Amino acid sequence: MSNQKRLFLVDAYALIFRGYYAFIKNPRINSKGQDTSAIMGFMNSLLDVIKRERPDHLAVCFDKGGSTDRVEMYGEYKANRDATPEGITTAIPHIYNILKAMHIPIMVKEGYEADDVIGTLSRQAEKEGYKTYMVTPDKDFAQLVTENVFMYRPVFGGGYETWGIPEVKKKFEVEDPMQVIDFLGMMGDSSDNIPGLPGVGEKTAKKFIAQFGSMEGLLANTDQLKGKMKEKVEANGKLGLLSKKLATIMLDVPVEFDAKDFELDHPDVEKVKEIFQELEFRRLTENFLKTFANDSSASTNSTPQESREQKTEQPTPKEKKSAGAGQFSLFGTDPSNDTKADSEYTRKTAETTPHFYQSVSTGLATKLFLKNLMNQASVCFDTETTDINPITAELVGIAFSWEVGKGFYLPFPENKDEAQELIEQLRSFFESETIEKIGQNLKYDIKVLAKYNVEVKGKLFDTMLAHYLINPDMRHNMDVLAETYLNYTPISIETLIGKKGKNQLSMREVPLDKQTEYAVEDADITLQLKEHFQNELGEANTQKLFDDIEVPLLRVLADMELEGINLHKGFLNGLSEELDKDIKALEEKIYKEAGKEFNIASPKQLGVILFEKMKLVDKPKKTKSGQYSTAEDVLSYLAKDHKIIQNILDFRGLSKLKSTYVDALPTQVLEQTGRVHTDYMQTVAATGRLSSNNPNLQNIPIRTERGRQVRKAFIPRNEDYTLLAADYSQIELRIIAALSKEETMISAFKNGEDIHASTASKVFNVPIEEVSREQRSNAKTVNFGIIYGVSAFGLSNQTDLSRTEAKELIDTYYATYPKLRNFIHDQVDFARDNGYVQTVLGRRRYLKDINSRNAVVRGAAERNAVNAPIQGSAADIIKIAMINIHKKLIEGDFKTKMLLQVHDELVFDVYKPELEDIKTLVKTEMENAYQLDVPLDVDLDIGDNWLEAH
DNA sequence: ACATGAACTTA
DNA sequence: GTAAGTTCATGTT
């Protein structure tokens with residue numbers, strides 16, 4: 001049996017899909033904007049199988065043109081499948097090329113699915129004495145399992161399981177794997193759109209199989225069933241038999257198993273390397289070389305020259321050098337000694353990497369360490385604390401590293417005074433202007449240290465910010481970065497302190513040796529990442545953006561967050577009670593109108609009430625998940641005809657207001673400071689904007705009278721202070737006017753005209769003083785539409801214009817502002833040519849879908865190409881203003897503090913005696929942050945709360 | 001306990 | 001039509 005030859009048949013699409021979705025949260029995009037997730041995922045699986053099992057025969061099977069037979073039987077077959085994602089269709093040609101270069105045969109047959117091809121080949125191989133392993137996660141294959149045919153299933157979390165007859169029997173509760181067909185036929189398969197018997201799911205199907213053995217057996221004995229189930233089965237006998245047929249994998253596909261052809265041969269290494277290089281697979285290349293490394297000793301064709309020769313010949317699988325099957329066993333080794341540990345992925349960890357991490361506790365060691373530390377030019381550090389909130393966190397330790405693979409950890413005593421003593425010894429390091437400090441998310445560490453009265457001075461390098469500029473669309477947490485760029489899996493925080501929730505430990509409770517390994521590893525990795533990103537910043541031309549904007553801004557944000565803002569809790573409590581009364585009253589009305597009590601906040605229940613019970617509409621709109629849509633725009637449409645609808649909309653608005661703002665905000669006041677401290681995210685928004693959370697202070701209501709009351713709760717520090725809000729007027733329109741050099745629009749801004757009225761006057765060809773409200777409003781909508789990348793469709797949705805009217809309006813608009821249209825086209829062209837667009841400061845956004853064949857996907861990318869430079873440039877400009885204002889406030893020793901940023905607005909807590917100076921300072925810095933051909937204009941407002949200051 | 005979708009808030 | 005975050009209900013682990 002051990003000598004029996006083994007054939008592996010790979011179900012290509014199943015593994016490709018699996019690989020693609022494994023990366024769906026964090027798609028692999030290379031510098032050319034290609035989504036390589038699917039290729040990467042598939043190749044990982046393929047190499048994994050080869051490495052683990054060292055098959056002597058292998059082929060990869062694809063579907064082609066779907067199953068004509070099955071579609072003929074049942075028109076709906078696979079009809080409700082979503083279109084194959086673009087990331088997959090574009091991957092297929094690459095995968096074909098790689099397989100060809102690897103000399104692995106590709107099996108496809110027009111009009112058949114991979115299942116059928118694999119089934120047929122497995123039967124032929126069985127006759128020739130092979131053991132066949134079908135590499136697929138798809139359960140349908142279980143029907144093919146015999147004594148010599150197995151499923152080889154990848155399992156989540158890595159590894160594989162082999163399903164033979166016993167496993168299939170157990171899983172499906174059948175006597176014979178063939179009964180899997182009956183099982184699938186009965187319960188159906190929603191992904192293939194096999195109907196199955198109505199009302200029969202997994203449980204019932206298993207019961208039927210046990211009782212009747214097969215679909216035919218069931219249909220012949222329906223007298224033994226009862227009730228509804230009996231009726232249903234009897235009525236759907238035909239559907240059941242059809243379903244069984246659809247679920248049956250064919251064994252007579254016109255393909256042939258050719259043992260010689262299927263032998264796993266040596267790949268054309270150079271060719272594969274070339275393709276991988278093109279796709280920018282670094283780790284995979286190593287993995288590939290490693291996989292095929294240990295067979296080369298005996299083989300002659302592994303030298304570069306040889307391989308190149310082979311390439312210039314015919315690199316098709318057919319062109320094999322004849323090598324006796326047994327003698328030329330590629331891998332030579334017995335698969336059984338290929339241990340699990342060996343194949344457990346190639347990513348490095350602390351365990352597999354030499355390192356020297358040391359904790360420093362004694363006084364003498366600390367002295368030596370400090371001396372050494374102060375001699376460095378550049379040091380990476382990372383603080384470990386008791387809390388994720390830096391304001392309440394206490395230091396548990398600090399890790400330092402300045403040499404790859406080495407580092408030190410200083411544990412901090414729990415006693416506050418002793419901790420302060422230790423930090424005092426580090427003060428000269430942190431406050432040194434000459435030593436560069438490296439870290440991942442330095443804003444956190446800086447805030448922690450600020451609580452110990454230590455300021456971090458000198459040049460900074462934040463790896464998270466660096467990567468945000470290099471690839472803003474990815475995520476930037478350290479684990480992802482380490483895995484992507486260093487092929488290294490760091491120790492997870494969970495292995496130290498446990499899963500979050502009930503019994504999570506504090507870092508303080510972790511044994512010192514574990515703390516040391518974890519903390520110094522973080523510093524070590526961050527140091528390595530810095531070396532990596534340093535060059536990439538230059539390549540992406542974003543070095544200046546990094547040094548002059550993002551890094552300085554980090555200190556500004558740290559100060560704003562530490563400062564927090566004063567909140568009038570009592571006022572919100574009063575508001576909450578009012579809202580509560582009104583919400584209850586609305587509830588009463590709604591229940592009465594509906595004739596039933598239900599959860600109004602549940603879209604599902606609400607949909608049933610409105611569209612099934614009350615039947616307000618003939619054909620209700622559905623969401624993609626099949627529920628009735630009760631979205632705002634759908635309901636608004638009905639509001640004038642049905643009183644209940646307006647009440648529901650009001651209910652929703654008030655509930656949101658109460659739960660998200662009025663009730664939530666007071667709970668976010670930090671005990672220690674009595675203020676609300678938001679956290680600005682500097683690396684989240686793809687355009688370069690900031691985002692705010694815990695709580696989000698960038699979406700405090702303002703549009704409705706009721707909502708804007710919440711702003712009254714944001715108040716100055718005390719009576720000596722007042723709030724100042726400074727906001728850019730029309731900054732995005734000014735930017736697009738300046739960038740497009742559209743003179744008409746530029747001069748309107750220069751003359752201080754009302755830009756929407758001015759646009760209306762030109763588009764509708766009336767004198768500016770005769771522009772009607774409606775005309776101005778439509779012009780305003782188009783102006784905004786331009787910023788978002790207009791379509792006639794979108795515009796007509798926003799206004800009461802029809803699609804054609806909207807189209808006409810856009811055409812006239814472009815005729816009025818021809819350079820604006822050119823600008824838009826230029827942005828899209830630039831994106832097509834370069835794969836990215838950029839802001840005034842060179843901040844890039846990569847647009848992988850800009851050349852997509854799918855018009856919807858491409859359209860979205862085109863709108864991004866227009867919007868990102870505008871939204872992003874506005875973000876750049878306010879960031880410059882913030883940095884400059886922050887600097888001036890410190891230099892001038894002002895008591896006034898900058899508190900909030902809301903995209904185009906800054907809010908200050910102004911010390912009253914400084915008011916006039918601050919007004920001038922803020923307006924000047926904001927208006928002169930960046931020189932455009934259009935003047936920037938800033939409105940200032942002052943008040944005793946945020947609403948008055950507007 | 002955790003993830004997702006719908007709905008609602010902002011610039 | 002762009003960019004975000006929070007809450008609630010619901011379904012899965």
Side-chain angles (χ1 to χ4, degrees), chain A residues 25 156 472-473 499-504 598-607 622-636 648-665 668 678-681 684-704 706-708 710-711 727-733 736 781-799 806 810 824 837 845 856 859-872 874-875 878 900-905:
Chain A
K25 277 217 165 138
F156 282 97
D473 279 313
K499 291 226 187 257
K500 77 166 163 187
K502 41 186 186 5
N503 300 326
Q504 197 176 37
F598 64 101
N599 184 351
I600 308 167
S602 161
K604 200 174 164 182
Q605 292 182 35
L606 180 63
K622 298 247 183 132
T623 67
K624 55 175 177 265
S625 57
Q627 283 183 41
Y628 298 111
S629 170
T630 62
E632 204 268 344
D633 57 336
V634 176
L635 295 194
S636 293
I648 288 166
L649 290 171
D650 291 346
F651 171 90
R652 277 190 185 160
L654 295 188
S655 306
K656 177 74 182 177
L657 195 59
K658 183 167 183 290
S659 65
T660 310
Y661 304 104
V662 179
D663 289 347
L665 282 171
Q668 313 249 27
T678 186
D679 192 5
Y680 287 105
M681 301 276 123
V684 172
T687 52
R689 274 189 176 181
L690 300 176
S691 77
S692 151
N693 58 26
N694 290 308
N696 182 355
L697 296 185
Q698 292 182 319
N699 70 346
I700 302 301
I702 192 164
R703 290 199 225 274
T704 65
R706 207 74 195 263
R708 64 201 304 176
V710 175
R711 293 195 171 219
D727 63 290
Y728 282 109
S729 155
Q730 308 295 354
I731 187 166
E732 295 189 341
L733 272 179
I736 200 171
T781 312
V782 189
N783 276 335
F784 277 107
I786 293 295
I787 295 170
Y788 299 147
V790 262
S791 69
F793 177 77
L795 187 62
S796 69
N797 272 349
Q798 280 282 297
T799 58
I810 292 171
I824 289 169
V837 287
R845 175 156 189 199
V856 178
E862 286 171 358
R863 288 192 293 277
N864 282 325
V866 177
N867 174 261
I870 298 165
Q871 192 182 113
I878 197 166
L900 304 178
Q901 190 251 40
V902 192
H903 308 308
D904 65 357
E905 172 186 4

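Just so you know, these numbers come straight off a predicted model, no measurement behind them. Quick note on labels: first sequence line is chain A, next is B, and so on, each numbered from 1.
A/R845 comes within 4.0 angstrom of the backbone, heavy atoms only, and of no base. Using a 4.0 Å heavy-atom distance criterion, A/A860 is classed as making no nucleic acid contact. The residue A/A868 sits apart from the nucleic acid: no heavy atom pair falls under 4.0 Å. Backbone-only engagement by A/V684 is indicated by non-hydrogen atom pairs under 4.0 Å involving sugar-phosphate atoms exclusively. Among the protein residues, A/S796 comes within range of no part of the nucleic acid, since none of its heavy atoms lies under 4.0 Å from any strand. Counting any heavy atom pair closer than 4.0 Å across all strands shown, A/T630 reaches sugar-phosphate atoms only and no base atom.
By the side-chain hydrogen bond (donor to acceptor under 3.5 Å, both in side chains) test, A/T687 pairs with A/Q871, sequence neighbours left out. Under the side-chain hydrogen bond (donor to acceptor under 3.5 Å, both in side chains) criterion, A/N694 pairs with no residue, sequence neighbours left out. Under the side-chain contact (heavy atoms from CB on, under 4.5 Å) criterion, A/A875 pairs with A/R689, sequence neighbours left out. Listed by chain and residue number, A/D582 satisfy the salt bridge (charged side-chain N to carboxylate O under 4.0 Å, His left out) test with A/R706 (two or more places apart in sequence, or in another chain). Applying the side-chain contact (heavy atoms from CB on, under 4.5 Å) criterion to A/S729, with sequence neighbours excluded, gives A/R734, A/D937, A/D939. Take A/Q698 and apply the side-chain hydrogen bond (donor to acceptor under 3.5 Å, both in side chains) test, not counting sequence neighbours, and it matches A/Q901. In this structure, A/Q605 has no side-chain hydrogen bond (donor to acceptor under 3.5 Å, both in side chains) partners at least two apart in sequence or on a different chain. With sequence neighbours left out, the salt bridge (charged side-chain N to carboxylate O under 4.0 Å, His left out) criterion links A/D679 to A/K443. For A/E905, the salt bridge (charged side-chain N to carboxylate O under 4.0 Å, His left out) criterion is met by no residue, not counting sequence neighbours.
Extent of DNA chain C lying under 4.0 Å from chain A heavy atoms, first and last nucleotide in 5' to 3' order, is C/dG1 to C/dG11.
For A/L606 against A/R652, the heavy-atom pair with the smallest separation is CD2-NH2, 3.4 Å. The two residues A/P701 and A/L657 come nearest to each other via the heavy atoms CG-CD1, 3.7 Å.
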Restricting to nitrogen or oxygen on both sides, can you table the protein-nucleotides 9-11 of chain B pairs closer than 3.5 Å?
from   : atom 1 : to     : atom 2 : distance (Å)
B/dT9  : O2     : A/N699 : ND2    : 2.7
B/dT10 : OP1    : A/I702 : N      : 2.8
B/dT10 : OP1    : A/R703 : N      : 2.9
B/dT10 : OP2    : A/R703 : NE     : 3.2
B/dA11 : O3'    : A/V902 : O      : 3.3
B/dA11 : O3'    : A/D904 : N      : 3.4
B/dA11 : O3'    : A/D904 : OD1    : 2.8
B/dA11 : O3'    : A/D904 : OD2    : 3.3
B/dA11 : N3     : A/R689 : NH1    : 3.2
B/dA11 : N3     : A/R689 : NH2    : 3.3

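Residues from residues 599-607 of chain A lying near DNA chain C, meaning a heavy-atom separation below 4.0 Å, are A/N599, A/A601, A/S602, A/K604, A/Q605 in numerical order.
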